[in-house]
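Each residue takes its place number in the sequence, starting with 1.
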Amino acid sequence: MKHGQQHLMRVARCLAALIAMGSLTACAGLINPPQPWEKSLLAKPEMTMDSDGLEAQFTQHILGSKEGSSGGYGVGGGGCGCN
């Protein structure tokens, strides 16, 4: 390739990158977080991870028995410190 062709290829790549970044930036404005009045469906009891309270208590009892401790139910890990 000659020096002129290399320069044109470099300019074409930069132009393509600018167009790609511009289109992604334009799409970012379309994503809006849900408004408070739109969150009513997500707040239903059926949408929770443990909708059955009795089963959740049973699971916590099993975890407490295996670990020999209680509390800290929102944290992952197996008790060995290896998370």
Quiz prompt | Neighbour count >12 (heavy atoms, 6.0 Å) for atom CD, Gln35 | solution = yes
Quiz item: Can you list the residues that meet the side-chain contact (heavy atoms from CB on, under 4.5 Å) rule with Leu15, with sequence neighbours excluded?
Solution: Ile19
Quiz item: What residues, two or more places apart in sequence or in another chain, satisfy side-chain contact (heavy atoms from CB on, under 4.5 Å) together with Leu18?
Solution: Met21
Exercise. Nearest 0.5 Å please: distance from the NE2 atom of His61 over to the CD atom of Gln57.
Key: 11.0 Å
